[in-house]
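Just so it is clear: chains get the letters A, B, ... in the order the sequence lines come, proteins before strands, and each one is counted from 1.
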There are 2 protein chains.
Amino acid sequence: MRTTPPGPDTRGDARPESGTRGRTRRAILDAAAEVLARNRRATLADIAQAAEVGRSTLHRYFPDRDELVSAAVEDSLAHMAQALEEAAIDQGPALDAMRRLATALVGAGDRLVFVFGDPHIFEQLPDEEDDPTDRQVLALIERGQAEGAFDPEADPVWIRGVLWALVYTGAEMAARGTMPRHVAAANTVRTLERGICAAGGGGTAQ
Amino acid sequence: MRTTPPGPDTRGDARPESGTRGRTRRAILDAAAEVLARNRRATLADIAQAAEVGRSTLHRYFPDRDELVSAAVEDSLAHMAQALEEAAIDQGPALDAMRRLATALVGAGDRLVFVFGDPHIFEQLPDEEDDPTDRQVLALIERGQAEGAFDPEADPVWIRGVLWALVYTGAEMAARGTMPRHVAAANTVRTLERGICAAGGGGTAQ
DNA sequence: TCTTAGTGGGACATTAGTGTCCCAAAAAGC
DNA sequence: GCTTTTTGGGACACTAATGTCCCACTAAGA
């Protein structure tokens, strides 16, 4: 007599990820971010197909759509958090830190587009204030302003918005194949630093 | 005996928009852009409700979802085209033209978010190359580079991407109430001109 | 090799969204 | 005022998407 039904073993947290299961879960989450980034109305069947997984397998891992989306969001945020971790943005000059950050985030590609491309998802993120990733970014911005590296007159919240928007643009262009990733990253950094104007007479700011 | 069924009169193009019908159509298109900008999975019922219109009325104007979306996209593009027209971006110094353009577009708000926020919609726009709006924007960028106002080393396509991204950010913040519209527009222009760095030591490009 | 975990796919039931039709009532236009 | 247009809502059929279950098959691991 079998006591446990087939399918992924969810009881307890003892085994975090057993080989096969881990890989399947990965594949599904990756596919979800990729597919949903491009089409918010994609069906579960679309996602399963992209993950090269049966639709029933997908349901085995994520009982319903909401759970899948939540998990994919969480996973994507984790990816970004790790990219941010590796960029060590609390170290060195703020300008350099920002460069590392932008480069790292452009590399996060689809996941960025997925999470921030959909206002609906975006709005119901675990309170912005509480998100450690966001805190770190804001901290960097404020540090940069204090150091005199970033525009002191601009609202930090605005700068954060700009940062995400430009990184998003870079990630999107890279994902779309408009330009190779490293070029996109370089452009992002360059634009962050000087806008789109020529070196000399650019900022005739009021 | 009545020969014409109730509902909007679509025969011929004689009468472009009879008062009531025009207003209803407007309301639906506005609501569609607004609602879809915030939630791509919104249902027709959601849109009808936002437009303060019965679901059957909505169907009367737009037989199916695809037609509604197409019409809403077209309408939004028309709005932007008009904003662009009013900005007269082919006149005066490129820098000034860009300021006018950015300001005008931030004002387009939801419509911008609607059209450019969804890669799925965005990708199936009438060939980018053929879109006159886009041509004008690219022309402005190239003119700006020729005039020495815009960064001559940056790819015009990249600059266009940046322009849309920052305008989008401004529009979103205004729509979300984070800051009043005119502040958002000012921030957009300022960032376009000088990035996020302080005036003096900013662009230590590479 | 043998056992077990994990999978794919088919066959459903259920639901949510879509699209159609009709009719009484409200609004617009005269 | 009266006529015509337009509307909202209900009832409906239809479809796509979701979620559940089962079973045979395969890959992984002892």
- Message: What is the separation between atom CG on A:L68 and atom C1' on D:dA17, rounded to the nearest whole Å?
- Response: 14 Å
- Message: Evaluate B:F62 against B:R25 for side-chain contact (heavy atoms from CB on, under 4.5 Å), listing each step before the verdict.
- Response: CA-CA 9 Å; B:F62 305 97; B:R25 191 184 150 87; 3.6 Å; yes
- Starting from P on C:dA26, measure out to CD on B:E52 and report it in whole angstrom. 18 Å
- Task: Would you kindly give the CD-to-P distance between A:E67 and D:dT18, to the nearest whole Å?
- Result: 15 Å
- Note on the structure: Rounded to the nearest 0.5 angstrom, the OG1-CD distance for B:T133 and B:E85 is 9.0 Å
List, with names and distances, any nitrogen or oxygen atoms from the protein found under 3.5 Å away from nitrogen or oxygen atoms belonging to nucleotides 15-19 of chain C.
from, atom 1, to, atom 2, distance (Å)
C:dT18, OP1, B:R65, NE, 2.8
C:dT18, OP2, B:L44, N, 3.0
C:dG19, OP2, B:R65, N, 3.1
C:dG19, N7, B:R55, NH1, 3.2
C:dG19, O6, B:R55, NH2, 3.0

- Query: What is the distance, rounded to the nearest whole Å, between atom CG of A:N39 and atom C1' of D:dA17?
  - Reply: 14 Å
Report, one line per pair, each donor and acceptor closer than 3.5 Å where one atom sits in a side chain of residues 108-115 of chain B; sequence neighbours left out.
from, atom 1, to, atom 2, distance (Å)
B:D110, OD1, B:R38, NH2, 3.0
B:D110, OD2, B:R38, NH2, 3.2
B:R111, NH1, B:D30, OD1, 3.4
B:R111, NH2, B:D30, OD1, 2.7
B:R111, NH2, B:D75, OD2, 2.8

- CG of B:L58 versus C1' of D:dT6: gap in Å, rounded? 15 Å
- For C:dG10, does OP1 or OP2 lie under 4.0 Å from any side-chain N or O of A:S56? no
- Task: Compare the minimum distances between each of C:dC21, D:dT7, C:dG8 and the side chain of B:R60, then state the nucleotide with the smallest one.
- Result: D:dT7
- Note on the structure: So CG of B:L29 and CD1 of B:I47: to nearest 0.5 Å the spacing works out to 10.0 Å
- Message: Once rounded to the nearest 0.5 Å, what's the spacing between atom CZ of B:R40 and atom NE2 of A:H120?
- Response: 11.0 Å
- Message: Counting distance alone, no hydrogens or angles: does the base of C:dG6 have a donor or acceptor under 3.5 Å from a partner atom on the side chain of A:T20?
- Response: no
- Message: Nearest whole Å is fine: how far is C:dG29 C1' from B:R23 CZ?
- Response: 12 Å
- Reckon A:Y61 has a side-chain N or O less than 4.0 Å from the OP1 or OP2 of C:dG6? no
- Atom of B:G170, atom of B:A184 and distance for their closest heavy-atom approach: O-CB, 3.5 Å
